[in-house]
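Hydrogens, waters and symmetry mates are skipped; everything else that's a heavy atom, side chains included, is used. To find a chain, count down the sequence lines: A is the first, B the second, and so on, and within it residues start at 1.
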Amino acid sequence: MPELPEMETYKTLLHQKIGGRTITDVLINREKSINIRPDEFINRVQNQEIKAIERRAKHLLFHLENGYVLLLHLMLGGLMFYGKEEEKPDRTVQIQLSFGDQHLYFIGLRLGYLHILSQKEVEQELTDLGPEPLDVNFSLDTFLNLIEDRRGRIKTTLVNQEFLSGIGNCYSDEIAWHSHLLPERKMNELNDNQKVQLYQSIRFVLHQATQYGGYMDMALFKEDNKTGNYNNKMYVYDREGEGCQRCGAAIIKEELSSRKTFYCKECQT
DNA sequence: AGGGCAACCCGGACGC
DNA sequence: TGCGTCCGGGTTGCCC
């Protein structure tokens with residue numbers, strides 16, 4: 001499911017495609033995906049220029065010239081496609097933003113949404129999110145302060161958006177593997193070296209995954225060769241039974257805190 | 001505080 | 001091809 005690297009990739013690519021362009025048409029096929037009446041929604045969005053696209057946690061923010069913001073969360077299975085009508089994947093489209101004869105399709109929005117909000121409302125909406133793990137200000141000291149008194153498991157802590165923002169089920173496993181630590185390990189039982197290692201793995205894995213365009217393999221547009229290249233770099237996620245890249249042992253799949261979890265029982269401790 | 005769990009939602013995958 | 005069934009999974013909220 002789309003997490004920080006996927007949303008960051010979307011941000012970069014969409015900026016190139018629709019940054020500075022004007023939304024000519026809006027099509028709402030699923031009213032539950034928006035937050036106000038469709039006619040009001042269209043009123044606020046149509047004929048507006050996209051001034052900037054920003055990512056916060058797993059959200060994308062489309063800043064419009066009238067000051068309103070389109071706040072997107074893809075939740076589970078949501079994805080986007082940009083292009084001409086004949087290029088779009090054969091999937092149900094919940095919302096469509098048009099830019100002349102090119103369209104931005106929002107697909108698989110089941111629990112996901114695209115809300116139109118004032119800047120103040122967006123701020124309130126995002127107020128409980130923890131720090132951005134790739135932010136330059138997210139230092140080792142910040143991290144050590146953050147995990148002080150934390151007694152939960154590594155995995156549940158990493159996916160907690162109030163603790164750190166943008167990490168989900170996939171990257172929590174990737175980070176745990178990279179740090180040689182089991183996802184079930186308790187934060188407060190890690191020694192100093194392991195805490196430093198965990199911090200470094202958070203930074204490394206998220207950075208690398210973003211460089212490779214995340215792991216979701218659906219291209220954002222025709223001839224998009226950026227999106228999803230991390231898919232074949234993944235260490236453990238969805239690799240049950242395959243050999244561990246470090247020690248060769250078979251990757252284990254298990255349920256932890258009602259989430260599917262992948263790890264190597266030989267070289268993670 | 002942290003763990004457990006239900007509810008939200010429905011398209012797509014899968015079985016026959 | 002066609003129809004019925006089931007499941008995924010981030011987030012919220014509630015309880016213990």
Please state whether the phosphate of [N], meaning OP1 or OP2, lies under 4.0 angstrom from any side-chain nitrogen or oxygen of [X].
X        : N      : result
A:Lys260 : C:dG8  : no
A:Arg150 : B:dG2  : yes
A:Lys58  : C:dT11 : yes
A:Arg259 : C:dG10 : yes

Looking for any heavy atom pair under 4.0 Å, which part of the strands does [X] touch: base, sugar-phosphate only, or nothing?
X        : answer
A:Met75  : base
A:Gly152 : sugar-phosphate
A:Thr156 : sugar-phosphate

How are the rings of A:Tyr230 and A:Tyr212 set relative to one another: parallel (under 30°), tilted (30 to 60°) or perpendicular (over 60°)?
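If you compare the ring of A:Tyr230 with that of A:Tyr212, the planes turn out tilted.
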
Check the pair A:Leu97 / A:Phe62 against side chain to side chain contact (heavy atoms under 4.5 Å, CB included), numbers first and verdict last.
CA-CA 12 Å; A:Leu97 301 181; A:Phe62 300 84; 5.9 Å; no

Nearest whole Å is fine: how far is C:dT11 P from A:Leu71 CG?
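Spelled out: CG on A:Leu71 to P on C:dT11 is 12 Å.
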
Below 4.0 angstrom, N of the basic side chain to O of the carboxylate: do A:Glu6 and A:Lys58 qualify?
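Not counted as a salt bridge, because no side-chain N and carboxylate O are separated by less than 4.0 Å.
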
Which sits closer to the 5' end of DNA chain B, A:Asp149 or A:Arg110, going by the nucleotide each is nearest to?
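It is A:Asp149, whose closest nucleotide lies nearer the 5' terminus.
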
Using heavy atoms to find the nearest nucleotide of DNA chain C for A:Glu162 and A:Tyr237 separately, return the residue whose nucleotide is more 5′.
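So the residue in question is A:Tyr237.
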
A:Gln94 side-chain N/O to A:Ile28 backbone N/O, donor-acceptor pair under 3.5 Å:
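Flag not set: sc A:Gln94 to bb A:Ile28 has no pair under 3.5 Å.
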
From the options [options], select the nucleotide whose nearest atom is closest to the side chain of [X].
X        : options               : answer
A:His73  : B:dG11, C:dT11, B:dC9 : C:dT11
A:Lys32  : B:dG12, B:dC10, B:dC8 : B:dC10
A:Leu111 : B:dC8, B:dG3, B:dG2   : B:dC8
A:Gln161 : C:dT11, B:dG3, B:dC9  : C:dT11
A:Arg151 : C:dG10, B:dC10, B:dA1 : B:dA1

